[in-house]
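The structure under discussion appears below in the form of structure tokens.
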Amino acid sequence: MLSLRIAARFLKTSPGQSALIIAGIAVGIATQVFVGSLITSLQADLIDTTVGSSPHVTLLPPDGETTLPGSYAERVLDSEPLATDAVAVRDFSAIYADGDESLPLSVKGGGAAGIDGIYGLSGRLVEGAYTLADDEILVGAGFAEATGVGPGDELSLLLPDGRTGAYVVSGVFDLGAAAANERLAFTAAQTAAAALGLETDAYSAIEVQLSDVFASTEVAERLASELDAVAVDWQATNEELLSGLQAQSGSSAMIQVFVLVAVALGIASTLAISAVQKTRQIGILKAMGMGDGPAGRIFLWQAALLGAGGTTGGIALGYALIWGFSFAPVPFSIRPEPQFIAISAVVGISVALASSVIPARKTSRLDPIEVIQSG
Amino acid sequence: MAERAPLLVADALEKVYGSGDIATRALKGVSFTLEAGEFASIVGQSGSGKSTLLNLLGLLDTPTSGVVRYNGEDTGALKPSGRAELRNGLIGFVFQFHYLLPEFSVWENMVMPRLIAGVAVNDAERRRGEELLHLLGLAGLGDKNANQLSGGQKQRVAIGRALMSEPELILADEPTGNLDSSNSEAVYELFRRVNAERGTTFLIVTHDRRIAQQTDRILEVLDGELVQDVPNDYRSAEKD
Ligand SMILES: Nc1ncnc2c1ncn2[C@@H]1O[C@H](COP(=O)(O)OP(=O)(O)OP(=O)(O)O)[C@@H](O)[C@H]1O
Ligand SMILES: [Mg+2]
């Protein structure tokens, strides 16, 4: 521990130099934390907008079949640990006709709780109540505006087999996307069964939401092999978005690598200067019998102290930047990513340690006579 | 039973600095033996090789040829860590220049060899340190930064540092070179006392014959060679 004590004293006796290098590391780490959290939050926001209120994996009937058993929903929840919600739905298309005007609707029938789990409708109602009793229907804000219907109004729809179905609007939702708000509607499962002329246990799809959206591909594969069904995941249908996100992650990683390189060069050069400045002291310590190992460790400790100080300061500064950003007029907020911050801390300290290797080795090789003789 | 090996043996020590045209033969085969408890001095003109010899004996430098033995052990065969251990535990070195650590206080400098040895400084040692500071005329300066002392004070701290770890052997290179005569007197009195009370061996380099006269044995180096090695009755010298 003498090495640590000496390292601390060396740093304390040149406060200006120490403060500068700590500030340098802090700025680097703060940039890391801020940029990293910004990109991560931005992507999370984008992904949430895209798939936050839609199924991540959809199970469809296998080739040659037109329906799936409703029990699949429970089986998915039982067997798939990543599945947070699963609902058996009956999809049918219908047409709203009012004089000249006709609007196509895609109607989804399912249990009120299950539907809410996937689409979060109860939190996205703009009018009416979230109920799905027999013959009730929930419509989107766009559809409601175009047709002028509202909660309590009756709605007649032309069904695929030519019949007409009569429904009562129970609520109006806003899913945040124009297409969904104009085209999508929800009914109870038995209402959809009547419209489709289906038996009680026949469903057109099982919709699943996961705790990890990026696990959808493997989950889809697992479910397809376990159940007699075809599984489609959101990533397969959103390739462009994903490659965009990946490019963004790549450039953010590159920025971070360059920041780290700059931090490493800063620490390395400061420590190299410090090692030269302290050659005399190291020589004296060695003349008094300090071993090569402990002498070298003085600079490792210096680096560790600088790295720890700079990283702590940098994380604090990063948080401050993120907090400052919350006042910026942008439509999303940055969440500090704890995992990302942990990585920055580990990287910051390791980079500091790595950049001390050369001065530490030079120090451990120093022969005390070089100092004692040169006066 | 074999006789106990002498504390220190210098056997045909040669030291050549540089090589080719610029080679300097600073030592040309110096041999002598120092028994435990001796109080000896090395004299010689400037450039005669005194510091070179002391650096070899202090295991700070390695001879071009020849052997330094401590208690019968050939130090040339030791690993760097073994040499460092001897420097820390067996030998106390007072350099021609003080070589204090400017980042540390007087007290911290004094106990640094103990800290290097990994020894916690206890109350008894603390009292001994205080006494040393007092005897060296440095009472009350323990908490001062080593940088804030005068040259002579620094030199005395360096002497205190060598004595603090109670080594078996003190190698001192012009320890009183920049002290006035009364301070110098006090230092030699202290050395004498430590030699008498603890049996600590002293080998003191000086170019001052008067100082040498106060030791029990005088070794003279001339041009890299040991030209004289005589016992000396320092008490008779005092009477002159
Ligand atoms: N590092 C070195 N490189 C080359 N020559 C050296 C070196 N150190 C000492 N010498 C030479 O070796 C010789 C002995 O030097 P040394 O320092 O041992 O003398 P000294 O007796 O201690 O002198 P002083 O009384 O002035 O301290 C001198 O000629 C000196 O120039
Ligand atoms: Mg000399």
Side-chain angles (χ1 to χ4, degrees), chain A residues 1-19 270-271 273-302 305-306 359-375, chain B residues 15 17 24 26 51-52 54-56 58-63 79-105 108-121 145-147 154 157-158 161-162 164-165 167 171 173-174:
Chain A
M1 281 304 104
L2 181 62
S3 303
L4 170 58
R5 194 168 150 190
I6 294 171
R9 185 63 62 87
F10 281 178
L11 293 178
K12 214 175 103 184
T13 43
S14 37
Q17 202 176 27
S18 304
T270 315
L271 283 177
I273 292 167
S274 170
V276 170
Q277 287 171 338
K278 304 299 182 193
T279 302
R280 186 182 166 83
Q281 284 86 327
I282 300 293
I284 297 169
L285 287 163
K286 284 193 161 190
M288 290 189 293
M290 178 174 261
D292 293 348
R297 280 201 289 280
I298 292 173
F299 287 94
L300 286 179
W301 276 118
Q302 279 203 35
L305 291 174
L306 291 170
R361 273 182 40 189
K362 227 173 112 182
T363 302
S364 75
R365 284 195 197 134
L366 175 78
D367 195 335
I369 194 68
E370 289 169 32
V371 172
I372 300 304
Q373 258 184 352
S374 57
Chain B
K15 182 68 186 181
Y17 290 113
T24 311
S51 295
T52 302
L54 218 62
N55 288 340
L56 294 181
L59 307 182
L60 289 167
D61 206 355
T62 47
K79 280 185 286 192
S81 60
R83 293 158 62 83
E85 232 166 82
L86 284 182
R87 282 203 299 272
N88 181 252
L90 184 84
I91 307 168
F93 216 113
V94 183
F95 306 100
Q96 197 163 3
F97 186 72
H98 60 78
Y99 292 115
L100 297 183
L101 298 168
E103 292 86 357
F104 291 85
S105 72
E108 287 169 322
N109 268 285
M110 289 252 293
V111 296
M112 193 54 77
R114 309 295 287 150
L115 299 179
I116 289 171
V119 180
V121 180
N145 193 282
N147 243 357
K154 285 178 188 164
V157 174
R161 177 176 64 187
M164 187 64 207
S165 46
L171 296 174
D173 195 350
E174 304 276 8

Checking L100(B) against chain A: side chain, backbone, both or neither under 4.5 Å from a heavy atom?
-> backbone
When rounded to the nearest 0.5 angstrom, what distance separates NZ in K286(A) from CG in L60(B)?
-> 12.0 Å
Nearest-0.5 Å distance that lies between atom CE in M288(A) and atom CE in M112(B) | 6.0 Å
Can you tell me how far the CD1 atom of I369(A) sits from the OG1 atom of T52(B), to the nearest 0.5 Å?
-> 8.0 Å
At what distance, to the nearest 0.5 angstrom, does CG of L2(A) lie from CZ of R114(B)?
-> 13.0 Å
Please report the shortest heavy-atom distance between P80(B) and D292(A), naming the atom on each side.
-> CB-OD2, 4.2 Å
Proximity breakdown for E108(B) and chain A, heavy-atom pairs closer than 4.5 Å = side chain
Correct closest heavy-atom pair for R9(A) and S105(B) would be NH1-N, 4.3 Å
Only pairs at least two apart or in different chains count here, so list each salt bridge (Lys or Arg N to Asp or Glu O under 4.0 Å) that has a residue in residues 79-91 of chain B.
-> none
Rounded to the nearest 0.5 Å, what separation is found between the CD1 atom of I116(B) and the CG atom of L285(A)?
-> 5.0 Å
Under a 4.5 Å heavy-atom criterion, the part of residues 12-19 of chain A in contact with chain B comprises T13(A)
If one checks every heavy atom of F93(B) against chain A at 4.5 Å, the contacting part turns out to be neither
Side-chain (Y99(B)) to main-chain (G283(A)) donor-acceptor, under 3.5 angstrom = no
Is there a side-chain contact between R5(A) and L115(B), using heavy atoms and a 4.5 Å cut-off?
-> yes
